[in-house]
Novice: 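One structure is given below, represented as structure tokens, and several questions about it will come after.
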Amino acid sequence: MSVITRMERKVPIIIPKLNFLLKRLPLHQLKRKEVEDYLARQMAGFRGEQSMNYFYRYLPQDQIEFLHNIRIIHQDYYFQMDTLIITPHFILILEIKNIAGHLYFDNLFSQVIRIHDGKKESFDDPIQQVERQAFHLSEVLKNKKVPFIPIETLVVVTNPKTLVESAPGHTDAIHRVIKSPDLKKRFDLLTNKHTKEVLSKMEIKKMKRLLNKLHTPYDPDVCSLFQIDKSELMKGVFCPSCELILNRTKRSWYCTNCDQHFKKAHIQAIKDYAVLISDHITNKDFKEFLNLPSSSISYHLLRALNLPYTGSTKDRTYLLHSLIDDLYSS
């Protein structure tokens, strides 16, 4: 799967998957708050990254290429870059932070201290984080015999109300931490610093293709991520309007709360199954997950979906990839 290029940025697959999980997770489940907090952080990060599109417009679009959320394996571990800008003269990695409050960059202990709503907490230093990304990227490019090109890094704080300060003499923070509106100014300074053209337009596109090929999206099993037993997930077909469990009537699904009938509400339920449990399903599993009264009903509902399958009628397994392709392409 390739990443989005130019300025567009797609929704990370982890966000819809977490929403699917929360829909099926009982309100009393002990990990629910942890999942909600993690989703909130993912959403805040994505909004911060999206907000950068406004400022990317001021960069020389005809000379550069954007790549977002590039995730590459190196030395047995993955490293991920929020935004990569390839220019003829240098590569720029942006580590984008949408963090509210008062941020203090402390070089003595390699940390960022945040004060927000009366709470004081410490985060890993994003300056060092993006430096590590630059190291791994340079090693990957060297291993792929790509000509040497300087790699620059910036930490971009996107929340306009965030107060940013640093320890006295913390030159890295002074030179490499910016607010979003300063991107063009810092980009121009880097362009003036690196005057030698290293990559032609063709070579820039070649590098983009290489990084796309090396890219592996972050697509975890969200139940395993939070150590949630899949048997704890709520079964049944949910009402599209109020999200209560529907009852199966003769030829449709009925919501007693909305007093409405839905013919195809089970399609979303099987999508939930594909995302949270498995990308294939048997008639027995379908019947149990949808709380259907008989194997005959589940067989006819599954057959009507025209899904690809393996096996004979008795031991048939239906493949669900086609139902969730839109999650990966949107």
Side-chain angles (χ1 to χ4, degrees), residues 1-14 42 45-46 48-50 52-53 56 59-97 110 123-156 172 175-178 183 186-187 189-191 193-221 225 328-329:
M1 182 187 307
S2 64
V3 294
I4 295 294
T5 58
R6 303 305 300 169
M7 295 192 299
E8 300 87 359
R9 185 185 296 270
K10 68 187 294 186
V11 178
I13 188 63
I14 186 71
Q42 291 291 319
F46 180 63
E49 293 164 3
Q50 276 190 311
M52 290 301 298
N53 288 346
Y56 293 150
L59 304 184
Q61 304 294 318
D62 59 331
Q63 301 173 31
I64 63 180
E65 288 287 345
F66 293 86
L67 295 172
H68 301 297
N69 292 326
I70 298 289
R71 182 171 175 265
I72 298 172
I73 193 166
H74 179 239
Q75 296 179 343
D76 299 324
Y77 292 93
Y78 284 98
F79 68 101
Q80 181 164 327
M81 298 166 283
D82 288 341
T83 292
L84 189 71
I85 304 175
I86 309 173
T87 84
H89 310 279
F90 61 94
I91 293 172
L92 177 59
I93 305 174
L94 302 182
E95 177 64 23
I96 299 167
K97 296 296 183 185
S110 300
F123 296 93
D124 290 338
D125 185 357
I127 300 173
Q128 290 194 359
Q129 182 181 348
V130 74
E131 281 180 350
R132 290 192 294 270
Q133 294 167 8
F135 165 76
H136 290 298
L137 179 61
S138 66
E139 290 296 300
V140 167
L141 294 177
K142 183 164 64 176
N143 291 340
K144 295 297 181 179
K145 312 300 183 185
V146 175
F148 172 78
I149 183 168
I151 300 176
E152 296 284 356
T153 61
L154 290 174
V155 175
V156 186
D172 278 344
H175 295 297
R176 295 163 68 184
V177 179
I178 64 170
L183 177 62
R186 194 58 58 93
F187 184 89
L189 287 172
L190 292 173
T191 301
K193 174 183 174 182
H194 300 287
T195 56
K196 180 183 177 182
E197 181 174 308
V198 180
L199 300 175
S200 65
K201 280 190 175 183
M202 185 179 297
E203 288 169 328
I204 289 176
K205 292 185 181 298
K206 183 178 179 182
M207 181 182 291
K208 179 185 70 175
R209 288 194 299 271
L210 169 65
L211 295 174
N212 269 314
K213 186 176 179 181
L214 296 174
H215 169 65
T216 302
Y218 180 57
D219 185 17
D221 178 326
L225 183 64
Y328 294 89
S329 59

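Predicted model only: the values in this text are computed from it and were never measured.
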Novice: Verify, without hydrogens or angle tests, whether Q61 (side chain) and L59 (backbone) share a donor-acceptor contact under 3.5 angstrom.
Specialist: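 Indeed, once roles are kept as given, a pair shorter than 3.5 Å links the two residues.
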Novice: Looking at residues at least two apart in the chain, or sitting in another chain, which of them share a side-chain contact (heavy atoms from CB on, under 4.5 Å) with I73?
Specialist: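 Residues passing side-chain contact (heavy atoms from CB on, under 4.5 Å) with I73: Y78.
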Novice: What's the spacing between L214 CG and H74 NE2 if we round to 0.5 Å?
Specialist: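 L214 CG to H74 NE2: 11.0 Å, rounded to 0.5 Å.
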Novice: Can I70 and L137 be said to form a side-chain contact (heavy atoms from CB on, under 4.5 Å), step by step?
Specialist: CA-CA 10 Å; I70 298 289; L137 179 61; over 6 Å; no
Novice: Of all residues at least two apart in sequence or in a different chain, which pass the salt bridge (Lys or Arg N to Asp or Glu O under 4.0 Å) check with K205?
Specialist: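 With sequence neighbours excluded, K205 shows a salt bridge (Lys or Arg N to Asp or Glu O under 4.0 Å) to E65, given in chain and number order.
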Novice: Step by step, would you call E197 with H89 a side-chain contact (heavy atoms from CB on, under 4.5 Å)?
Specialist: CA-CA 5 Å; E197 181 174 308; H89 310 279; 3.9 Å; yes
Novice: Check side chain to side chain donor-acceptor pair (under 3.5 Å) between D172 and all other residues, then give those that pass, not counting sequence neighbours.
Specialist: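 Listed in chain order: nothing, the list is empty.
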Novice: Please determine whether the number of non-hydrogen atoms from other residues, nucleotides or ligands lying under 6.0 Å from atom CG of N143 exceeds 12.
Specialist: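 It does: N143 CG has more than 12 such atoms within range.
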Novice: Closest heavy-atom contact between A134 and T153?
Specialist: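 Looking at all heavy atoms of both residues, the closest pair is CB-CG2, 3.7 Å.
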Novice: List for me each residue that meets side chain to side chain donor-acceptor pair (under 3.5 Å) alongside S138, sequence neighbours excluded, and say none if there are none.
Specialist: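 S138 satisfies side chain to side chain donor-acceptor pair (under 3.5 Å) with no residue once adjacent residues are dropped.
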Novice: Tell me, with the steps shown, if H215 and L67 meet side-chain contact (heavy atoms from CB on, under 4.5 Å).
Specialist: CA-CA 10 Å; H215 169 65; L67 295 172; over 6 Å; no
Novice: Determine whether V130 and L154 satisfy the following criterion, side-chain contact (heavy atoms from CB on, under 4.5 Å), listing intermediate values before the conclusion.
Specialist: CA-CA 7 Å; V130 74; L154 290 174; over 6 Å; no
Novice: Looking at CG of L84 and CD1 of I91, how far apart are the two atoms once the value is rounded to the nearest 0.5 Å?
Specialist: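 With rounding to 0.5 Å, CG (L84) is 6.0 Å from CD1 (I91).
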Novice: I need the single residue from V198, V140, L210 that forms a side chain to side chain contact (heavy atoms under 4.5 Å, CB included) with V146. Which is it?
Specialist: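 Among V198, V140, L210, the one meeting side chain to side chain contact (heavy atoms under 4.5 Å, CB included) with V146 is L210.
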Novice: Kindly write out the residues that satisfy side chain to side chain donor-acceptor pair (under 3.5 Å) with Q80, not counting sequence neighbours, or none if the list is empty.
Specialist: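 With neighbours one apart ignored, the set is empty.
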Novice: With S200, which residues qualify under side-chain contact (heavy atoms from CB on, under 4.5 Å), at least two apart?
Specialist: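 With sequence neighbours excluded, S200 shows a side-chain contact (heavy atoms from CB on, under 4.5 Å) to M202, E203, given in chain and number order.
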Novice: Among all residues two or more places apart in sequence or in another chain, which pass the ring pair (Phe, Tyr, Trp, His ring centres under 6.0 Å) test with F79?
Specialist: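 Testing F79 for ring pair (Phe, Tyr, Trp, His ring centres under 6.0 Å), a comparison that skips the adjacent residues, returns H136.
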Novice: Enumerate the salt bridge (charged side-chain N to carboxylate O under 4.0 Å, His left out) contacts for residues 138-154, please, sequence neighbours excluded, ordered by first and then second residue.
Specialist: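 Counting only pairs at least two positions apart or across chains, the salt bridge (charged side-chain N to carboxylate O under 4.0 Å, His left out) contacts touching residues 138-154 are E139-K142, E152-K193.
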Novice: In Å, rounded to the nearest 0.5 Å, how long is the span from CD1 of I72 to CG of N212?
Specialist: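 Going from CD1 on I72 over to CG on N212, the span is 9.5 Å.
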Novice: Do P12 and Y218 have side-chain heavy atoms sitting under 4.5 Å apart?
Specialist: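 Contact flag for P12/Y218 side chains = no.
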Novice: State which residues pass side-chain contact (heavy atoms from CB on, under 4.5 Å) with T191; sequence neighbours excluded, sorted by chain then number.
Specialist: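 With neighbours one apart ignored, the set is F90, F187.
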Novice: Side chains of L225 and I14: closer than 4.5 Å at any heavy-atom pair?
Specialist: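 L225 vs I14: side chains touch.
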Novice: Among pairs that include at least one residue of residues 77-96, which meet salt bridge (charged side-chain N to carboxylate O under 4.0 Å, His left out), considering only residues two or more places apart or in two chains?
Specialist: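 Matches after skipping sequence neighbours: E95-K97.
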Novice: Do R186 and L92 have side chains that approach each other closer than 4.5 Å (heavy atoms only, starting at C-beta)?
Specialist: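 No; the side chains remain at least 4.5 Å from each other.
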Novice: Using a 3.5 Å distance criterion without hydrogens, assess whether the side chain of H68 forms a donor-acceptor pair with backbone atoms of T83.
Specialist: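 Looks like no, no N/O pair under 3.5 Å.
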Novice: Hey, are the side chains of F135 and I151 touching, using non-hydrogen atoms and a 4.5 Å cut-off?
Specialist: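 No, side chains not in contact.
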Novice: Can you check whether T87 reaches Q63 side chain to side chain, under 4.5 Å on heavy atoms?
Specialist: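 With C-beta onward as the side chain, the pair stays apart.
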Novice: State the NZ-CD1 distance between K206 and I86, to the nearest 0.5 angstrom.
Specialist: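 One gets 13.0 Å once the value is rounded to the nearest 0.5 Å.
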Novice: Starting at CG of L199, measure out to CD1 of I149 and round the result to the nearest 0.5 Å.
Specialist: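 It comes to 4.0 Å.
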